[in-house]
Visitor: 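Got a structure for you, written out below as structure tokens; questions coming shortly.
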Amino acid sequence: MDIKYYPGCTVKTSARNYEASAIAALRYLGVELSELEQWNCCGVVHTLSTDDLMKQLAPIRVLKHVEQCEEREEVVTLCDMCYNTLSQANRLVKDDPAKLKTVNTFMECDDSHGGYTGTVRVVHLLQVLRDTIGFQAIKKKVKYPLRGMKVFPYYGCMLLRPGEVGIDTPEDPTIIGDLMRALGAEVIDDPVKIECCGSHHTVGDRSIVFERIERIIGRARSKGAEAVVLSCPLCRFNLDTRQQEDRTIELPLPVFYYTQLMGVAFGLDEAVLGLNEHRIDPRPLLREIGYQKKGEYGRITT
Amino acid sequence: MTIHVHEQVHRPRVSDQGFDARTPKVRIYLMGKEYQVPNVLTIMAAIEYAGYRLVRGCGCRAGFCGACSTIYRKTDDYKLYSALACQTLVEEGMYLVQIPFVPAVKSLYDMEEITLTDNVILRYYPEIARCVSCNTCTRSCPQGIRVMDYIQASLRGNIARAAHLSFDCIQCGLCSSRCPADIKHYHVGQLVRRVYETRIAPKSPHLARRIEELDSGVYDEEMNRLMTSSLSELKQRYESRKIEPVSED
Amino acid sequence: MIKITTRRPASDLVERVAELSGQSIFACYQCGTCSSGCPFIEAMDLHPHMVLRHLMFGMEDVLTSKTIWVCASCFMCAERCPRDIDMARIMEALRQVNLRENVDHIKISHMTEAELEGVPQIALVAHFRKNTG
Ligand code: SF4
Ligand code: SF4
Ligand code: SF4
Ligand code: SF4
Ligand code: FES
């Protein structure tokens, strides 16, 4: 299977390890992820004002490229924010042909390709794992089950809300948890899993983010979690980098992308998974609960 | 204060310009005023033909300096076009104005202190994160540069790509005059190329060798001779200079 | 304290916000569900349901409230409102009313190295989209 993915700016910078681990884990499952030949920043946040079509140009330009240049019906995203923005823009123009026409007319003279007609499906990589490959199939491929590892799946906002574009039940999502169970981990659950991590306030007002992550990490820790697992590069930044900067958190929880834990369970080389790129080093935990205690992560080397 | 165009007393000598009385004329409008000009002229020559002397908005007259930015519309078209006045022929019904300068403030940085990070361009030009991918910059670039793509590459820290894409920029500023995100593209491009050259591009051994030669004074004597030559001597040397054969690479 | 009056509000703020957000402001019955689930309530001066209430009365203090800039568009309230009001869109409309005056809420040119280096692109783009016009 061959899948076209839209990386987004952050997957090319501070979330390179998300991309690398996704490519490696998917390849292990027999799926090739290949990057779109050309893409621009999606705009990150869906514009919520009814008349601000200028801000829809970025996501629609991406979708137009997928449809008209690469002639694909589906584009996969890794980043939750890209997923949300591309999906919402897609919905907007599919539901409103007049708006689509305005956007297309504006982009008309940029290249010789036609305008966007609304045929592309925007899909998050987690959906590919659940709906196309299947968690059962993934379970069968696990070499080193994450037995005894207590992970807290954190969803945040952009995978779930607004409900029309969410990939799971908004109030009680299980998609990451189900994947973790397939990998053999023990899943810690708490309603805080759907609360915002503080998002872009990480730039303008860190105290807002600190307040958020203290609550999220506090709840997860009190339920016995040893690590957080998530899918969004901004959540990763806030829950990892900012958590480490937050002096009031005494026992920080390491954070993984779900793709990294897939890699660990598949026995992929640690170097490929970029586990060294996190602010709170997650490797001691892996040693502690796996490598040393059970001797199951045979291929992990430093 | 200097205004960029001035009334001029002497018209350019017509015989020099490759047209004569029979050359067909087109109508153009300079800041709203109508003129009939020979259709073989560049915009720049047409402005002078109309009797203006350019004291700003004119430099190399060869498409290199980026001083002669022009914006125009045509009577039969809603679009706002942009061009280099020295490189573009007049057309019937052009409404023209020169944009000799675009206020684009350059950020201060010390190249010695810059470290290569993913956010190095954002550090000095954070506003590139405001780009809405409208592509207006690309459409307005007279050099045919994919301006949006180099801004986007800079945003995602892809310095090499941004440097290559922006290489032909002549800093005319037309892109920056139209960007809805208020980005100062050509300064971004300049920083990107500086970072690329100093931190990424392989070092050139020839350059190092040449600098060594300069430092050791190999060329001093020759330089002194040039500096003390008379104008006629210099002219004569220029006329008889050896022109290198074009290398095949 | 809110003074209740039968006079129609003088400003056209309600109409503008309704138009920009596409939401029926007067459909709100002030149940407070939005505010009770908002993860940012601690940092707000007006709670989300209060923003709507003030808006109904045409009170322009909503435009200068901290709340509209603190709202992170997390859509928690929008998902839960029994009256199907998308508060995130109302907050956006209020930001837009400010930003369309060509006055940014933040000073991009004054941002420091610490604010810019190492921060994910998505954070910066989102921050600028929410705070600059
Ligand atoms: S990139 Fe901008 S400044 Fe450079 S040549 Fe093109 S329009 Fe002019
Ligand atoms: S004109 Fe400005 S906003 Fe539009 S694509 Fe170019 S840089 Fe981006
Ligand atoms: S949840 Fe809806 S109806 Fe209830 S107060 Fe908030 S906006 Fe009004
Ligand atoms: S969208 Fe804004 S107001 Fe609503 S819950 Fe989230 S932060 Fe609070
Ligand atoms: S005068 Fe130099 S580019 Fe036209």
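Quick note on labels: first sequence line is chain A, next is B, and so on, each numbered from 1.
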Visitor: Does B/Phe167 CZ have over 12 foreign heavy atoms under 6.0 Å away?
Guide: no

Visitor: Is C/Asn102 atom CG crowded by more than 12 heavy atoms from other residues, nucleotides or ligands, each under 6.0 Å away?
Guide: no

Visitor: Distance from C/Leu116 atom CG to B/Thr117 atom OG1, nearest 0.5 Å?
Guide: 10.0 Å

Visitor: Can you tell me if C/Glu42 has over 12 outside heavy atoms packed within less than 6.0 Å of its CD?
Guide: no

Visitor: For B/Val105, is it the side chain, the backbone, both or neither that has a heavy atom under 4.5 Å from a heavy atom of chain C?
Guide: neither

Visitor: Answer yes or no: does atom CZ of B/Phe64 have more than 12 heavy-atom neighbours from other residues, nucleotides or ligands under 6.0 Å?
Guide: no

Visitor: Exactly one of C/Met111, C/Glu115, C/Glu117 should register a side-chain contact (heavy atoms from CB on, under 4.5 Å) with B/Arg123. Which one does?
Guide: C/Glu117

Visitor: Keeping C/Gln121 on the side-chain end and B/Leu155 on the backbone end, is there a donor-acceptor pair under 3.5 Å?
Guide: yes

Visitor: Given the rule in the side-chain contact (heavy atoms from CB on, under 4.5 Å) test, do C/Leu124 and B/Asn119 qualify, once you have shown the distances and angles that lead to the verdict?
Guide: CA-CA 10 Å; C/Leu124 286 170; B/Asn119 290 24; 4.2 Å; yes

Visitor: CD of C/Gln30: more than 12 outside heavy atoms within 6.0 angstrom?
Guide: yes

Visitor: Write down the atom of B/Arg130, the atom of C/Phe128, and the distance for their closest heavy-atom approach.
Guide: CG-CB, 3.8 Å

Visitor: Looking at every heavy atom in both C/Ile108 and B/Pro126, which two are closest together, and how far apart are they?
Guide: CG2-CG, 3.5 Å

Visitor: State whether the number of non-hydrogen atoms from other residues, nucleotides or ligands found under 6.0 Å of B/Lys203 atom NZ is greater than 12.
Guide: yes

